[in-house]
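These values consider heavy atoms only, across backbone and side chains, with no hydrogens, waters or symmetry-generated copies.
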Amino acid sequence: MGGSSSTGRGKTKGSSPLAMTPVEEVDISAVRYKPPTLQAPHLTGFSLRAFVWLMESPLLGPLITSVLKSQNNMPQTLQQTVIPERPMYYPEYPPQDTEPGVVLVGEDRHPVERVHEALQYLPSYDPSVRWATEEKLPFLYWKIRDFAHAYSSGITTPSVVAEHVIAGVEEWNNKKPPMPMLIYFNADDLRRQAEASTKRFEQGNPMSILDGIFVAIKDDIDCFPYPTKGATTFFDQIHTVEKDAVCVARLRKCGVIFIGKANMHELGLGVTGNNPNYGTARNPHSVDRYTGGSSSGPAALVSSGLCSVAIGTDGGGSVRIPSALCGIVGFKTTYGRTDMTGVLCDSGTVEVASPLTSSVEDAMLVYFAIAGSRPMDKLTLRPSPLCVPNLLSPDNSNILGSVKIGKYTEWFHDVSDREISSTCEDALKLLCNTFGCQIEEIILPELEEMRTAHVVSIGSESFCDLNPHYKAGRRTEFTLDTRTSLALFGSFSSTDYVASQCIRRRIMHYHMEAFKKVDFIATPTTGMTAPKIPPSALKSGESDYVVSAYLMRFIIAGNLLGLPAITVPVSGINVS
């Protein structure tokens, strides 16, 4: 999130309401960045419980939500301002030219064929990087091709690795404090999957480069026969898993081994990863700190080295934030590019299923396994053809020299600690000095309005999905911070939602104008490093919208506009 002064807003004559200038007429060069000011209490324990009681009170609840929204200028933006643009209910893009240096891949092809084709355009695998020395190497993540080489060369087998995974899960669970990264884990099932994969390698017939790769699935994605709870205590009682989600089914066709259902912030309604139901997944690099969320378990599992890949969901940074705080790669795919059938939040306009991995290469390979729009999205969204970068083409040897990187400097440095943005800035300078990229200054207006439009969009869509259960008496079975969010989300009106979609169109225009000058926009992934876990938050949860705002500062456009986004670690800090 962030804030820019709304130079596109002015008063109309007399007593008429405020009105935004038509987006095409806004003088972007006149926009001045204004740091956001979010006001909300930080609550844990008894204070959180009391606040939830007040928020859910028929008499006091509407008053409290009204005050909170007024303090953050939401009524002024959504109800007291004329927005001339028509609503954009789904991300809409102008026609896109095919990028240079890519090869088109038919998304209707079998996942194994797509992964195999993507593999052909990667540099040849060099086993000497990992296997040529007997010296004890520093900690290095095993990538997908490392496992594939080890399996095919007889260095190890999926069954042997499975025993290490089982031991690792047990070790983390028995630590003090414990590390509950998985909500559902079945060691016998893991052994059965690994044995089947081992036999395929012994017979010289692995299903794909992904055969034998250990993958965790976030607990809001169906993975048969495991239950899907969304990290609640009850959702599996009302949601029966009869088959895999589409993205899971595609991975299964490639021979991956599913290690279980990964922990998460309950129902994805938070970005710290706090979960009193099953315990809070802790950051493997510093166990007194949060992983980030809501894909907390997936990030912790990949970061700890227990698996190379996890699949999470991202509706408000929920793949990128925990990836950043845990020092791994998180790739948020373009909206509609992956089929969301079988995911709990499969009908919203901001959420996608996406991979968390230890390397960009692995993210690419997994992406080509799970990619493919559902039929309705092909009709309504008209996605560009699926393509893979041809990293072997001589024409691409200097392609980075022509890349222009967009940087909104004032926004870039609006972080809790200047070391965050300075480290990311140093990484960009190294990229430019090494490959000849150019940094172009850009301005992105109405960032605060973008934040408002996103919270209303994801909040209204989440509340619509959960309201029947909320009204049916399940309210008290949600965690306290989930109940706080639902009380706020339930206060949004149809006017708020439609106005937010009008703002979505304005924000899309500003970004498309920026992309006429630059190829991508770079920011730190989060506005702060991993926050410490308050001991009082472990038992009953935590509500801290100010911390959430820092964590979400730079990630909103990827969700509201459906844009692809990736976070990669840079000297312990991630850059997007």
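The CG atom of L306 sits 4.5 Å away from the CE atom of M181 when rounded to the nearest 0.5 Å. Interatomic distance, R145 CZ to S359 OG, rounded to the nearest 0.5 Å: 9.0 Å. F214 CZ to F147 CZ: the interatomic distance, rounded to the nearest 0.5 Å, is 7.0 Å.
Among residues at least two apart or in separate chains, salt bridge (Lys or Arg N to Asp or Glu O under 4.0 Å) pairs with a member in residues 311-321 are D314-R320. Residues in residues 292-328 take part in no ring pair (Phe, Tyr, Trp, His ring centres under 6.0 Å) pair, two or more places apart or across chains. Pairs passing the salt bridge (Lys or Arg N to Asp or Glu O under 4.0 Å) check and including a residue from residues 524-535, sequence neighbours excluded, read D288-K532. Pairs engaging residues 344-355 under the salt bridge (Lys or Arg N to Asp or Glu O under 4.0 Å) rule: none recorded [sequence neighbours left out].
Put simply, the side chain of L561 does not reach to within 4.5 Å of the side chain of P91, judged on heavy atoms. Considering only heavy atoms from C-beta on, M264 stays 4.5 Å or farther from T313 through its side chain.
In this structure a side-chain-to-backbone donor-acceptor pair under 3.5 Å is present from R289 to A530.
Screening V329, T525, V319 against I566 for a side-chain contact (heavy atoms from CB on, under 4.5 Å) leaves a single residue, V329.
Applying the salt bridge (charged side-chain N to carboxylate O under 4.0 Å, His left out) test to R49 and every residue at least two apart in sequence or in another chain returns nothing. L400 meets the side chain to side chain contact (heavy atoms under 4.5 Å, CB included) test with V403, F435, C437; sequence neighbours excluded. Qualifying salt bridge (charged side-chain N to carboxylate O under 4.0 Å, His left out) partners for K261, counting only residues two or more places apart in sequence or in other chains: D219. Listed by chain and residue number, S294 satisfy the side-chain hydrogen bond (donor to acceptor under 3.5 Å, both in side chains) test with S318 (two or more places apart in sequence, or in another chain). Residues meeting the salt bridge (charged side-chain N to carboxylate O under 4.0 Å, His left out) test with R250, sequence neighbours left out: none. Scanning for salt bridge (charged side-chain N to carboxylate O under 4.0 Å, His left out) contacts around D236 gives an empty result, with sequence neighbours left out. Residues that satisfy the side-chain hydrogen bond (donor to acceptor under 3.5 Å, both in side chains) test with T349, not counting sequence neighbours, are E461, R504.
Using a 30° and 60° split on the angle between ring planes, Y367 and F331 fall in the perpendicular class, above 60°. Note: Y226 and Y184 have tilted aromatic rings, judged against thresholds of 30 and 60 degrees for the angle between ring planes.
For an aromatic pair to be called close, the ring centres must be under 6.0 Å apart, and F478 with H469 fails this.
With salt bridges taken as basic N to acidic carboxylate O contacts below 4.0 Å, none links D146 and K143. K407 and E425 are joined by a salt bridge, as a carboxylate oxygen and a charged side-chain nitrogen come within less than 4.0 angstrom of each other.
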Checklist entry - For S485 and Y545, what are the C-alpha separation, side-chain angles and deciding distance, and is it a side-chain hydrogen bond (donor to acceptor under 3.5 Å, both in side chains)? => result CA-CA 10 Å; S485 296; Y545 284 108; 3.2 Å; yes
Checklist entry - Under the side-chain hydrogen bond (donor to acceptor under 3.5 Å, both in side chains) criterion, do S197 and D211 qualify, and how do the steps go? => result CA-CA 7 Å; S197 178; D211 203 334; 2.8 Å; yes
Determine all donor-acceptor pairs shorter than 3.5 Å in which one atom belongs to a side chain in residues 170-177; sequence neighbours excluded.
unit_1, atom_1, unit_2, atom_2, d
N173, ND2, V169, O, 3.3
N174, ND2, E170, O, 3.0

